[in-house]
Amino acid sequence: MVEKSAVRRVEKLSAVKGMNDILPPESARWEALEGIVRALMRRYAYENIRTPILEPTALFVRGLGEVTDIVEKEMYSFEDRLNGEALTLRPESTAGVVRAVVEHSLLYNGGKRLYYMGPMFRHERPQRGRYRQFHQIGAEALGFGGAEVDAELILMAHALWQELGLTDVALQLNSLGQPGERSLHRAALIAHFEQHVDVLDEEAKRRLHLNPLRLLDSKNPQMQGVIEAAPKLLDFLGDASKAHLERVTSILDANGVAYSINPRLVRGMDYYNLTVFEFVTTRLGSQGTICAGGRYDYLTEQIGGKPAPAVGWAMGVERVLELLKEQGAPADIAPIDAYAIVPDADALPKVMACLQVLRTQGVTVQMHAGTVDGMGSIKSQFKRADGSGARFALIFGADELAQGAVTVKSLRDGVGEQVTQVLDQAAQWAKSLQSTA
Ligand code: ATP
Ligand code: MG
């Protein structure tokens, strides 16, 4: 017994701003999506990887680039109190995956196709589709330089939208070329923006000479005109870079996947080269990118590994689920098969042994739980059984138990119909409780 006087009133605690509890029945949507993704990854031979949520801060500073939104202002970074290590809650997972691949020499025997799911952390202004803890599902193919793997990843994401029944998702593509091509473009960009310093905001002015490509990623409406008129990286591409993009698009064409080339698509991290892409929808307001990725052939070197080409994408789980909801997809909630009504607590040992057998056979069963004073009235137990959505009530009454039996009563189709089953033969009649749908 908990003594009332012992419970002191304390201030209520709530979740950290921008970080969400994912509750039932909403969590059923998450599980359903995760299940679909796992099966999809399996079909494309991508293997699961799980890296730590905390990484050394240097990984992101080096990997993502010092002059990026994430590193400049969005990271949850802190010093370990015990040893002073600089740590950061991962804002994305590509850098961590690459670190793990290098650390464990996963590419010794050729390329590796990997996928992950999990929470990411960015200190942004919370709004619809933008949270401080959010979730990504990502796929990375490391050790492959050919454009066919870029295309494979895009086809895989496209197949996912189709399987989920998502419409209104458009694919945008661009090429960021190679470092040499980028530096020519960079000079042209600086010259262009220098002629329009008057419309640049403070951040853009500061970044102009540090990382001018970042200006193209600005969401400042006042700057959109001058961004629109900026020299396009596509015009600076050499033959090899152009051929890479054409290989990707020809595979997409052959697969009937529509796309548009967006010469202003640059992505938020510095690690990208050649192919970059985003899947966008107009149905989620300004947070319309549901999945984004590209090639990052220089990241392994940047974090101390042997050079290895790579390409990947990450999708925002919250945004994908929001879009599904927006399109009226029903929540994927599996009903339970049976609710166990137990009038007398003394019967629990026998009852629970029977329920264990049913569950071994795959039956979903919820047992009535009472209080320390008892199990409660039959009437109140039936009310719970009805509220649970179960298709059957299992009535473990004294009369039934005395004969080694249990009454199975239908709560849904053919309400009220009931049969008696032998307790010890639960493994045999278990199947009759399971939905065939
Ligand atoms: P945005 O331009 O919307 O800030 P981003 O370029 O920073 O996106 P990425 O780092 O490419 O996003 O992450 C991949 C995907 O993860 C995004 O397309 C989006 O769906 C999702 N995502 C990114 N940041 C958030 C966030 N703060 N909250 C929810 N989802 C997010
Ligand atoms: Mg962002």
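Fair warning: this is a prediction, and the values are worked out from it, not measured in the lab. Both ligands and their constituent atoms are indexed starting at 1 by order of listing. Quick note: numbers below take in every heavy atom, side chains included, and nothing from hydrogens, waters or symmetry partners.
Closest protein heavy atom to atom 30 (N) of ligand 1: F134 CD1, 3.4 Å. From the protein, the heavy atom lying nearest to atom 28 (N) of ligand 1 is Y131 N, 2.9 Å. Counting only heavy atoms of the protein, atom 7 (O) of ligand 1 lies nearest to R122 NH1, 2.9 Å. Of all protein heavy atoms, the one lying nearest to atom 21 (C) of ligand 1 is G316 CA, 3.6 Å.
Contact check on R283 versus E322 returns no salt bridge, with no Lys/Arg side-chain nitrogen under 4.0 Å from an Asp/Glu carboxylate oxygen. No salt bridge links R132 with E74; every basic N to acidic carboxylate O contact stays at or beyond 4.0 Å. A salt bridge links R267 with E278: at least one charged nitrogen is closer than 4.0 Å to a carboxylate oxygen. Ion pair R62/E301 not flagged as a salt bridge, since none of the NZ, NE, NH1 or NH2 atoms sits closer than 4.0 Å to an Asp/Glu carboxylate oxygen.
Contact annotation: E124 has at least one heavy atom less than 4.0 Å from an atom of ligand 1. Proximity of R267 to ligand 1 is established by a heavy-atom distance of less than 4.0 Å.
Among Q133, R130, R125, the residue whose heavy atom sits closest to atom 4 (O) of ligand 1 is R130.
Here is the list of ligand 1 atoms found below 4.0 Å of a heavy atom in A314: 14 (C), 15 (C). Close approach of ligand 1 to G129 (heavy-atom distance below 4.0 Å) involves ligand atoms 28 (N), 29 (C), 30 (N). Each of the atoms 1 (P), 2 (O), 4 (O) of ligand 1 lies under 4.0 Å from some heavy atom of K219. Close approach to M269 involves these atoms of ligand 1, each under 4.0 Å from a residue heavy atom: 10 (O).
Of the possible polar contacts, one joining the D297 side chain to the A310 backbone as a donor-acceptor pair under 3.5 Å is found. In this structure, N255 contributes its side chain and I251 its backbone to a donor-acceptor pair below 3.5 Å. Side chain of H135 to backbone of M117: no donor-acceptor contact under 3.5 angstrom is found. Although no hydrogens or angles enter the test, the distance criterion places a donor-acceptor pair under 3.5 Å between the side chain of R264 and the main chain of E228.
Under a cutoff of 6.0 Å and an axis angle of 45°, K409 and Y339 do not form a cation-pi pair.
Only side-chain heavy atoms of Q136 come within less than 4.0 Å of ligand 1; its backbone N, CA, C and O stay farther off. Here I290 has backbone heavy atoms under 4.0 Å from ligand 1, and that is the only part of it that gets that close. With a heavy-atom cut-off of 4.0 Å, E318 does not touch ligand 1 at all. Proximity of Q127 to ligand 1, defined as any heavy-atom pair under 4.0 Å, is not found for any part of the residue.
Taking distance alone, with nitrogen or oxygen atoms compared against 3.5 Å, T289 approaches ligand 1 more closely than that limit.
Less than 4.0 angstrom separates atom 13 (O) of ligand 1 from at least one non-hydrogen atom of the protein.
Ring centers of Y46 and Y115: at least 6.0 Å apart, outside the cut-off.
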Stepwise side chain to side chain contact (heavy atoms under 4.5 Å, CB included) check, N211 with D270: CA-CA 9 Å; N211 194 348; D270 285 351; 3.1 Å; yes
